[in-house]
Structure formats: C-alpha cells, structure tokens
Asks: 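Structure provided below as structure tokens; questions to follow.
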Number of protein chains: 2
Amino acid sequence: MALLLELEHSARKVSAGEILWQENARVDLFCVVKEGWAYSYRNLINGSMQILKVYLPGDVIGMRDFGFTQRLSGVAMINDGVVCPFTYQQLFDLFRHSPALTAGIIAIAVRQQAMLTERLVYIGRHTAQQRLAHFLYEIYVRLDRVGAVEAGRFSLPLSQEQLGDVLGLSAVHISRMFTMLRDEGLVLRERQQLYFPDPGALARMAEFNDAYLDESLPSVFHSLAQAAPSNSL
Amino acid sequence: MALLLELEHSARKVSAGEILWQENARVDLFCVVKEGWAYSYRNLINGSMQILKVYLPGDVIGMRDFGFTQRLSGVAMINDGVVCPFTYQQLFDLFRHSPALTAGIIAIAVRQQAMLTERLVYIGRHTAQQRLAHFLYEIYVRLDRVGAVEAGRFSLPLSQEQLGDVLGLSAVHISRMFTMLRDEGLVLRERQQLYFPDPGALARMAEFNDAYLDESLPSVFHSLAQAAPSNSL
DNA sequence: CGGCTGGTTGAGTCGTGTCAACTGCGGTGG
DNA sequence: CCACCGCAGTTGACACGACTCAACCAGCCG
C-alpha cells in the first residue's frame, strides 16, 4: 500500500512524442502509465524502426530491462499522458516485504512478455492481413478491460507508419490491409475511431486465441497470498 | 543451496523428440536443462509451427508460463538429454527466503525474454539471410559461454525444417540461405558441425548487437545480495 | 492561402513460398 | 553383406505477397 501511495506522489505529465528514455541509457527506473499511450522501440541501422510493445494506461514500462545495466529499447509517448516512475530500490523493498506481491509483479511482467511472444508467432507465420487484424483485436481486448471501449468503438492513436513498425510491414501495405478489412466488413474506421461489426469473425480470421491475455492466477498464488499477510493481486 | 541440491535429486533422463509438456497443459513445474537441447513451440491452425525458443544446457524452461494456469507453448527435446524439474512451491520458497535470489531469478527470466524480443526485431525487419546469420551467431555466443565451442567449431542439432520454424521461413529457403552464406565465406558446414571463418564479418552482416546477451548485473544487485545473507548470482 | 503530415492508389520489382524432382545418407531387414 | 526404404537436404520453375517509388488527395495548422 505504501508503495502504491508513493507512486501517486511521483506522477509526472508527459507530452506526445516525448522520449521517456533512449536505447542504451542507464537503467534506473520503471514507470506505470497512468494516462496516454506509449511504445518501446528499437532503431535499426538501415533507418527503419521496430516497435516492440504498445503500453496502455495501467501498464508497467521498463520491466523488460530489469537486471540489465543498459536499456535494450527506447520508450516514447504516443500522445499526452501521465506516468508514475519508481526505482529499483522500491522494487527491491517490495521483494523483501512481500513474497506474494513479488510473485504478482513477476506475473505481470510475464504477461507483458506473452504479448510479445504472441506477436512473434503471428509475425513469423501469418499474412499481413492477419497480423493487422490480430494486433487490432488485441488492442481491443486490452482497452475493453480498462473500460476504454464504448459501444464497440475505441480510438487508436497510432499512425499507419507506426502500425507498420509494430507489425514489420510498410505503411503503404498497412493502408491496403485496412481497405481489405473494410471491404470484408471486419473493421470500420473513421479518423482514429475503430469499430468491429463482427468481432468474432475478426478473431477467427486472425486465428486469435486469447489464452495469452488470460488474467486469472493459478490457485497456488492465492495460498501464497494467504501465507504472507499482504494484499493479493 | 538446498534448492540446488534438491534439483540434482530430481534429474530425469529424456530422449530425442520427447515432449516435456503440451500446449494448454496445466502449469505445475519448471525445468533446468542439464544435458541436450530443447525447444518451445506453438502449433498453428494451418499446420505450421512456430518455434519460440531453443534451450541449451543450463537454461531454465517454463518461466514464460509463470503465473498462467495453462501452458502457452509446448516443449520438446531436440536430442537426448537430462532435465531437472522443480515446482512452483520451490520457487515460492525461494522468494520467501532470499530477495537476492528472487531478483536473480527474475533477471534470468528477463534475459531469456530478451532473446525472444531480439528475434522479433530481426524477424520483423531483416532479410532471410540476416535472420539465419543472426540466429546462428546467437547460438554460437551462447554455446561459447558454456564451453561448447572448440576451435571455433560447434554442433547444431536442428534440422533445416526446425530452423525455418524458428525464423518464420520455409525449409527450402533455409537451405538456399545456407548456400549463400557458404558462397560468401561466412558459414561452413559439414553434417551438424558449423564453423565461422570470420565471425566478425558474420556479426556485422546480421547487424548483431550483443547487448541483449550481456550477463553482468547492475551494481544495485550486488548491494542487495549483501543486504540479505545469501549467495549472489 | 500554402505547406506539411498522414493516408490512398497504381505500377513495377523482388524476396520468399510452393511444388516437384532429385540426391545422398543412414538404418533396417532379408 | 547388400538391397531397400525413408528422411533431410538441394535445386529449379513458377507464383504471389509485400516493398518501393511516385503521384495524388485530404485535413490541419501557421
């Protein structure tokens, strides 16, 4: 609880396009996104970029660099927002005081990585249309969880260039895939607002399996939480 | 120490092709690979497979499923070997007794994920030749660490079909890329033995950056290890 | 009003996949 | 010991998906 309160204190406003940290920077802190979207990225020698992960409100940024001395990827804001940084030391304190929360933190980090792993699968083995559909559907599910989907509509502040960098495709091809998805009646779009007329059909087309987004914890975690006197997640 | 000794007790022989667990199986244990190679994989609807990670002796298998109730990927042995399973409960005991080892375990899991993330980058943005070169070079570095490279030569027990499943390419194209690499004098191969005449050139061609394989821990970890009376990693 | 950024569309190229035939090797059984 | 089978790898022909380049369009902001 103390940690959560501390977090609120350190809240910081950030603006669209702002770089939270660069590749190769020293690793000293992590962030919780409170408002706005962010993404982590890698710049390549040939000038192209690979976006690794898109962070929505509630996500923790930087866990991927835990235990490294250098950042393996940069992080930038997509739109204006608020982040709450916290330090290594705070995390270590947590480890010392609550095995239950430790397990919870790890579970969160693992879940984030599961999304990356899933993308590896569909980037490696699916068509461009499926990749885009899969990514859109994932965002839809994640937004729905934090209550950011209203009547099936949600907003996607990513440019098609950025979508291409997420999915390993060219911006031009993203545009083409959007028109295909529209022609097939799977994805409607006006400005940054998206709407899926038939979410089920979209999920099937993308071969979407939501197991990797499952948020329930195995029963062992609950007994652990009871063993130590602290809040479960 | 007690945990490490327990591990030795549970050592189990496994044979080539043996499935350690299937996708969707219940998550109950993890494994340390003592001998042999293993890989984790996902089977797709269209019949193809994506290999997620190749495990070498010393690697921990299954951390990616930590906190999930179902396995997100299956794991199979590539050749004969020995694995040492351990349970959730043993891991929790560790969390309770040593914050330092907890941080170390997380660091190990994060490093494994870093390899997956790196592959996402080069599968998304590199050519087939670079992908193969990058993967081979990574294996080379990892094998070198555990002393499995002799005079620059090492063995690669993966079939070209499996290499294709790792890199999101067809087996036929893997074969072509091998001949290209040979013609360019970058990779020599006879049976399962590989040799790089000019490792530096290969690394440059693959745009290989070894930051993600860095094994050193930031200084904060060492002070943590001293704070609690237990072995550092 | 003009420039800039993001998106759309078309034409042509190139990388990778697919299918198929063929080779070489290792293991197995007669 | 040899004949056979089967699997892994190689090579070629062809198809197709995605990229590049370029022109064009639509908002948005100065």
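What you see below is based on every heavy atom in this structure, not just the backbone, and it leaves out hydrogens, waters and symmetry mates. Treat the numbers as computed from the prediction; the structure is a model and nothing was measured. Proteins come first, then strands; the chains are lettered A, B, ... in the order of their sequence lines, and each starts at number 1.
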Asks: Check step by step if side chain to side chain contact (heavy atoms under 4.5 Å, CB included) holds for B/Lys53 and B/Gln112.
Replies: CA-CA 9 Å; B/Lys53 183 148 173 49; B/Gln112 298 224 4; 3.1 Å; yes
Asks: Does B/Asp59 come within less than 4.0 Å of B/Arg142, counting only side-chain N to carboxylate O?
Replies: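 Between B/Arg142 and B/Asp59 there is a salt bridge, with a charged N closer than 4.0 Å to a carboxylate O.
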Asks: Is A/Arg111 close enough and on-axis enough to A/Tyr212, meaning under 6.0 Å and within 45°, for cation-pi?
Replies: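 Geometry flag: not set, cation outside 6.0 Å or 45°.
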Asks: If you restrict it to nitrogen or oxygen atoms, what contacts under 3.5 Å exist between nucleotides 27-30 of chain D and the protein, and what is each distance?
Replies:
residue: D/dC28; atom: OP1; partner: A/Arg191; partner atom: NH2; Å: 3.3

Asks: Could you tell me from which nucleotide to which nucleotide of DNA chain C, 5' to 3', there is an atom under 4.0 Å from chain A heavy atoms?
Replies: C/dG7 to C/dA11
Asks: For the aromatic rings, using the six-membered ring if either is Trp, is the centroid distance between B/Tyr55 and B/Tyr39 under 6.0 Å?
Replies: no
Asks: Decide yes or no on side chain to side chain donor-acceptor pair (under 3.5 Å) for B/Gln70 and B/Glu23, but give the supporting numbers first.
Replies: CA-CA 8 Å; B/Gln70 284 196 338; B/Glu23 283 176 71; over 6 Å; no
Asks: List, with names and distances, any nitrogen or oxygen atoms from the protein found under 3.5 Å away from nitrogen or oxygen atoms belonging to nucleotides 16-19 of chain D.
Replies:
residue: D/dA18; atom: OP1; partner: A/Ala128; partner atom: N; Å: 2.8
residue: D/dA18; atom: OP2; partner: A/His173; partner atom: NE2; Å: 3.4
residue: D/dA18; atom: O5'; partner: A/His173; partner atom: NE2; Å: 3.4
residue: D/dC19; atom: OP1; partner: A/Ser170; partner atom: N; Å: 3.1
residue: D/dC19; atom: OP2; partner: A/Ser170; partner atom: N; Å: 3.2
residue: D/dC19; atom: OP2; partner: A/Ser170; partner atom: OG; Å: 3.0

Asks: Applying salt bridge (charged side-chain N to carboxylate O under 4.0 Å, His left out), can you list everything that pairs with A/Arg12, at least two apart in sequence or on another chain?
Replies: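 Expected list: A/Glu18.
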Asks: When you compare the side chain of A/Phe30 with that of A/Asp65, does any pair of heavy atoms fall below 4.5 Å?
Replies: no
Asks: Rounded to whole Å, please give me the gap between CD in B/Glu161 and C1' in D/dT10.
Replies: 14 Å
Asks: Which pairs of donor and acceptor atoms, one on a side chain in residues 143-151 of chain A, lie under 3.5 Å apart (sequence neighbours left out)?
Replies:
residue: A/Arg145; atom: NH1; partner: A/Leu213; partner atom: O; Å: 3.0
residue: A/Arg145; atom: NH2; partner: A/Leu213; partner atom: O; Å: 2.7

Asks: Quick check on the 6.0 Å ring-centre criterion: do A/Tyr88 and A/Phe66 meet it?
Replies: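 Yes, the ring of A/Tyr88 comes within the 6.0 Å limit of the ring of A/Phe66, centre to centre.
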Asks: Tell me whether the centres of the aromatic rings in B/Phe208 and B/Phe135 are closer together than 6.0 Å.
Replies: no
Asks: Nearest 0.5 Å please: distance from the CG atom of A/Leu52 over to the CZ atom of A/Arg64.
Replies: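 One gets 5.0 Å once the value is rounded to the nearest 0.5 Å.
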Asks: If we fit an axis to the first five pairs and another to the last five of the helix from C/dC1-D/dG30 to C/dG30-D/dC1, what angle do they make, to the nearest 10°?
Replies: 30°
Asks: May I ask you to check if A/Arg189 and A/Phe178 form a cation-pi contact, with NZ or CZ under 6.0 angstrom from the six-membered ring centre and within 45° of the axis?
Replies: yes
